[in-house]
Amino acid sequence: MTLKTNNSQITTKSDARIYVANKINQYLDADKVVVWFVSGGSNISLATEIRNALHVDSYPGALHVCLVDERYGPEGHMDSNWQALLSSGFDPTGCAMHPVLTKTK
């Protein structure tokens with residue numbers, strides 16, 4: 001797969017990690033609020049790598065993390081993409097996390 005951006009071509013997972021992290025950091029460093037929509041499944045490890053490259057600690061609460069897909073069931077169930085994201089080592093510190101599945105009363 002090749003993704004063409006305004007000034008670069010992304011052909012590898014490493015290129016994607018660098019590009020997305022740089023874009024998010026660009027907005028965080030400009031004191032902007034960023035909403036990051038993360039895909040589940042095979043993209044979870046990439047999202048975790050990207051998170052590790054972000055300047056979130058300098059801008060607590062400025063990065064909002066949401067899933068674009070989820071496997072429905074009780075909160076934290078074994079097949080949950082959100083649970084897989086957290087279990088992969090995604091560090092939620094400093095992020096405003098918005099899980100799809102929540103406990104209801």
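Values below: every heavy atom of this structure, side chains too, minus hydrogens, waters and symmetry copies.
- Thr48 and Ser88 get closest at one heavy-atom pair: OG1-OG, 2.5 Å.
- In this structure, CD1 on Ile50 lies 7.5 Å from CG on Leu54, to the nearest 0.5 angstrom.
- To the nearest 0.5 Å, atom CG of residue Asp79 and atom CD of residue Glu70 are 9.5 Å apart.
- With a 4.5 Å cut-off on side-chain heavy atoms, Trp82 and Val100 do not count as touching.
- Side-chain contact between Val65 and Arg51 is absent, with no heavy atoms from C-beta onward closer than 4.5 Å.
- Of all non-hydrogen atoms in Gly40 and Leu67, the two that sit nearest each other are N-CD2, 4.4 Å.
- Looking only at side-chain heavy atoms (C-beta outward), Leu101 and His77 come within less than 4.5 Å of each other.
- Under the 4.5 Å side-chain criterion, counting only non-hydrogen atoms from C-beta, Tyr59 is in contact with Asp29.
- Across all their heavy atoms, Asn25 and Ala53 have their closest contact at ND2-O, 3.0 Å.
- Between His64 and His98, the ring planes lie parallel to each other; the angle is under 30°, not in the 30° to 60° tilted range.
- Following chains of ILVMFWY side-chain contacts shorter than 4.5 Å, one cannot reach Ile18 starting from Ile24, and the two form parts of different hydrophobic clusters.
- For the pair Val35 and Cys66, the minimum side-chain heavy-atom distance is below 4.5 Å.
- Counting heavy atoms from C-beta outward, Thr93 and Val56 have side chains that stay 4.5 Å or more apart.
- Shown here for Ala84 and Ile44, the closest heavy-atom pair between the two residues is CB-CD1, 3.4 Å.
- Summarising the geometry, atom CG belonging to Asp91 is positioned 7.0 Å from atom CG belonging to Asp57; distances are rounded to the nearest 0.5 Å.
- Considering every non-hydrogen atom in both Asp69 and Val38, the closest pair reads OD1-O, 4.4 Å.
- Across all their heavy atoms, Lys32 and Ala62 have their closest contact at O-CB, 3.9 Å.
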